[in-house]
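Hydrogens, waters and symmetry mates are skipped; everything else that's a heavy atom, side chains included, is used. Predicted model, so just to flag it, every value in this text is computed and none were measured. Each chain gets a letter, A, B and so on, in the order the sequences are listed, and its residues count up from 1.
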There are 2 protein chains.
Amino acid sequence: MRRDIFQAIADPTRRAIIALIALQAMTPNAIAENFNTTRQAVSKHLRILTECELVKQESQGREIYYSLEIEKMKEIDKWLEQYRKIWETRFNQLDQVLSNLKKQNK
Amino acid sequence: MRRDIFQAIADPTRRAIIALIALQAMTPNAIAENFNTTRQAVSKHLRILTECELVKQESQGREIYYSLEIEKMKEIDKWLEQYRKIWETRFNQLDQVLSNLKKQNK
DNA sequence: TATTTGCGAAACCGAAAAGTTGCACATATA
DNA sequence: TATATGTGCAACTTTTCGGTTTCGCAAATA
């Protein structure tokens, strides 16, 4: 099952998990405590996140710590870049209009 | 059915539609020509995109032109901001490590 | 007016997703 | 060694999703 990062962040629970483990690694049980679902459901989400390399795991005895692979998040940023260019251009055009209006008033 | 912008961009066809109409407004038929599906399927995607205000429509006779609501894209950017902070911090920390190593070599 | 064209909406279908339950396995702990 | 704990995985169910087909409606055109 080939997962996509955009599909991965589509689910609100997964976005919440991402936010949770962004700053510190956590075990599935600890993560599940924050949600209204079973540990297995969280485990499934973690698997999906791991599959698309948004999350990495580190075993420590029988516990497994999950943490965010922050580098992967840049892919979204990269995709957004083309649109950022557009809104910045539009902003500059608006800026141009405003400054032209200013000149006319002088 | 309450739609979410993250769910909207999860589908690859919808991302392609977004890219298509980012620079110029297009009719459903014109959009559908670029894909291997029916116009109705595209129409469905456009409805979803419209529901979460990622796309706006403008009627002109019997044709309806769809264009990207670029402002809405900023929501993704805004969400990404918290993670951008993280990877920038990590980068600076790495930078710190590197410059410390440099000092030690002197 | 009759016909074509552009479109959305509803009904339906198959595939995929998200959740639950039950189980197996390894690692701790008594 | 027996038991408790942390975990992943597989089977199953329900819901959602993306697509097609069919239809109805309004605007353009003959």
side-chain hydrogen bond (donor to acceptor under 3.5 Å, both in side chains) with [X]: which residues, sequence neighbours excluded?
{"X": "B:Lys74", "value": "B:Glu71"}
{"X": "B:Arg84", "value": "A:Asp77, B:Asp77, B:Glu81"}
{"X": "B:Lys72", "value": "B:Glu75"}

| query | Does B:Ile86 share a hydrophobic cluster with A:Leu49, counting links as ILVMFWY side-chain heavy atoms below 4.5 Å and allowing steps through other members? | reply | yes
In whole angstroms, how far is the [atom2] atom of [N] from the [atom1] atom of [X]?
{"X": "B:Leu46", "N": "C:dG6", "atom1": "CG", "atom2": "P", "value": "16 Å"}
{"X": "B:Glu51", "N": "D:dG18", "atom1": "CD", "atom2": "C1'", "value": "14 Å"}
{"X": "B:Asp11", "N": "D:dC17", "atom1": "CG", "atom2": "C1'", "value": "9 Å"}
{"X": "A:Leu49", "N": "C:dA18", "atom1": "CG", "atom2": "C1'", "value": "13 Å"}
{"X": "A:Glu33", "N": "D:dT5", "atom1": "CD", "atom2": "P", "value": "14 Å"}
{"X": "A:Glu58", "N": "D:dG6", "atom1": "CD", "atom2": "P", "value": "19 Å"}
{"X": "A:Ile48", "N": "D:dC9", "atom1": "CD1", "atom2": "P", "value": "12 Å"}
{"X": "A:Arg14", "N": "C:dG19", "atom1": "CZ", "atom2": "P", "value": "8 Å"}

| request: Taking side-chain contact (heavy atoms from CB on, under 4.5 Å) as the test, write out the residues that go with B:Gln57, two or more places apart. | output: B:Thr50, B:Ile64, B:Tyr66
| said: Under the rule for ring-ring contact (aromatic ring centres under 6.0 Å, His included), what residues qualify as partners of A:Trp79, not counting sequence neighbours? | reply: A:Phe6, A:Tyr83
Please tabulate, for side-chain N and O atoms in residues 27-43 of chain B, each donor-acceptor pair with protein atoms closer than 3.5 Å (sequence neighbours left out).
from    : atom 1 : to      : atom 2 : distance (Å)
B:Thr27 : OG1    : B:Ala30 : N      : 3.3
B:Asn34 : ND2    : B:Ala30 : O      : 2.9
B:Asn34 : ND2    : B:Ile31 : O      : 3.3
B:Thr38 : OG1    : B:Ala41 : N      : 3.3

| message | Any heavy-atom pair between the side chains of A:Ser67 and A:Glu58 that's under 4.5 Å? | response | no
| task | Determine, for nucleotides 20-30 of chain D in 5'-to-3' order, which nucleotides have protein heavy atoms under 4.0 Å from the base (write B), from only the sugar-phosphate (write S), or from neither (write -). | result | BBB----BS--
| said: Please list, in numerical order, the residues of residues 19-32 of chain A that have a heavy atom closer than 4.0 Å to any atom of DNA chain C. | reply: none
Donor-acceptor pairs under 3.5 angstrom involving side-chain atoms of residues 10-24 of chain B: please list them, not counting sequence neighbours.
from    : atom 1 : to      : atom 2 : distance (Å)
B:Asp11 : OD2    : B:Thr13 : N      : 3.0
B:Asp11 : OD2    : B:Arg14 : N      : 3.1
B:Arg14 : NE     : B:Ala8  : O      : 2.7
B:Arg14 : NH1    : B:His45 : ND1    : 3.0
B:Arg14 : NH2    : B:Gln7  : O      : 3.3
B:Arg15 : NH1    : B:Ile9  : O      : 2.7
B:Arg15 : NH1    : B:Ala10 : O      : 3.1

| message | Please determine whether a side-chain nitrogen or oxygen atom of A:His45 lies at a distance below 4.0 Å from atom OP1 or OP2 of C:dA17. | response | no
